[in-house]
Amino acid sequence: MNANYDACIEACLKCIEACNVCYHACLKEENIGMMRRCIELDRECAEICTLAVNSMQRSSKFVLKICELCALICEECADECKMHDHRHCIDCAKACSYCAGECRKMIA
C-alpha cells in the first residue's frame, strides 16, 4: 500500500463511521421527512468513502478519480449536515469536511 494514502484512508474511515452514526440517528429523529436528504447523503458518502479506502489499499489506477468524487460527495454531505443542529449531524459535517480536505490534498 502506498504510504501517501495513510492520512486519506484514516479520514475516509472516520467519515464512514460518522456517516453511519448520522444515518442511523437520522432514522430515529421525530421529523424524519426533514432528514431525508441527510439520510440519502450519509449513505452516498459512506459508500464512496468505502470505495475510496478500498481503491487506495489496492493502489487502483482509478484512485485519484475516485478520491475526487469522494471529495465532492463529502462536501455535499457536510453542507447538508451543517443545516441541522443535531449532534450527529454536526459531528458528521466535521468528519465529511475533513475527509474532503484530505482527498483534495491527495489529488492535488
Side-chain angles (χ1 to χ4, degrees):
M1 182 172 57
N2 187 332
N4 295 330
Y5 297 152
D6 288 348
C8 194
I9 288 172
E10 185 177 332
C12 284
L13 291 172
K14 288 180 181 177
C15 191
I16 292 165
E17 181 179 4
C19 285
N20 284 333
V21 167
C22 189
Y23 166 79
H24 189 257
C26 283
L27 289 173
K28 295 179 179 187
E29 290 296 338
E30 198 170 298
N31 185 353
I32 195 167
M34 185 180 84
M35 305 308 293
R36 188 169 283 122
R37 181 114 171 94
C38 190
I39 292 166
E40 181 181 280
L41 285 168
D42 284 338
R43 295 307 322 132
E44 292 285 341
C45 192
E47 289 174 17
I48 193 65
C49 285
T50 300
L51 177 62
V53 167
N54 291 337
S55 70
M56 287 183 274
Q57 288 175 337
R58 67 177 177 266
S59 296
S60 168
K61 70 178 188 174
F62 301 107
V63 72
L64 296 180
K65 293 286 187 192
I66 292 168
C67 287
E68 184 176 5
L69 181 59
C70 187
L72 179 69
I73 294 172
C74 284
E75 289 163 352
E76 192 162 333
C77 190
D79 289 344
E80 176 63 29
C81 283
K82 287 175 189 172
M83 291 196 261
H84 307 285
D85 61 358
H86 308 292
R87 171 53 45 197
H88 56 85
C89 288
I90 293 165
D91 293 343
C92 188
K94 288 178 185 174
C96 289
S97 293
Y98 182 73
C99 186
E102 289 301 312
C103 284
R104 294 246 181 249
K105 279 188 219 173
M106 199 186 72
I107 62 177

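Computed from heavy atoms alone, side chains included, the values below leave out hydrogens, waters and symmetry copies. We count residues from 1, following the sequence as given.
- With hydrophobic clusters built from ILVMFWY side chains whose heavy atoms lie under 4.5 angstrom apart, M34 shares a cluster with I39.
- Just one of C49, C12, C103, C67 meets the side-chain contact (heavy atoms from CB on, under 4.5 Å) condition when paired with C74; it is C49.
- Using a cut-off of 4.0 Å between Lys/Arg side-chain N and Asp/Glu carboxylate O, R104 and E75 are scored as salt-bridged.
- Qualifying salt bridge (charged side-chain N to carboxylate O under 4.0 Å, His left out) partners for E80, counting only residues two or more places apart in sequence or in other chains: none.
- With rounding to the nearest 0.5 Å, the separation of CE in M35 from CD in E40 is 13.0 Å.
- Between S55 and A52 the shortest heavy-atom distance is OG-O, 2.9 Å.
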Show me the side-chain donor-acceptor pairs of residues 18-28 shorter than 3.5 Å, one per line, residues at least two apart or across chains.
unit_1, atom_1, unit_2, atom_2, d
N20, OD1, R43, NH1, 2.6
N20, ND2, I16, O, 3.3

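- Among the candidates C81, C70, C77, the single residue satisfying the side-chain contact (heavy atoms from CB on, under 4.5 Å) test with C45 is C77.
- With respect to E10 and K14, a salt bridge is recorded, a charged nitrogen being found less than 4.0 Å from a carboxylate O.
- Side-chain heavy-atom separations under 4.5 angstrom define the hydrophobic clusters, and the remaining members of the one that includes F62 are I48, L51, I66, L69, L72, I73.
- The structure places NE2 of H84 at 11.0 Å from CD1 of I90, a figure rounded to the nearest 0.5 Å.
- Side chains of L41 and D79 form no contact here, defined as non-hydrogen atoms less than 4.5 Å apart.
- Closest approach of Y5 to M106, counting heavy atoms only: CD2-SD, 3.3 Å.
- Between E76 and R37 there is a salt bridge, since a side-chain N of the basic residue sits under 4.0 Å from a carboxylate O of the acidic one.
- We find the OG-CG distance between S59 and N4 to be 10.0 Å, quoted to the nearest 0.5 Å.
- At least one side-chain heavy atom of Y98 sits less than 4.5 Å from a side-chain heavy atom of E102.
- The shortest side-chain heavy-atom distance between Q57 and N54 falls under the 4.5 Å cut-off.
- Counting only heavy atoms from C-beta outward, the side chains of K65 and I107 never approach each other to under 4.5 Å.
- Residues C38 and H86 fail the side-chain proximity criterion, which asks for heavy atoms closer than 4.5 Å.
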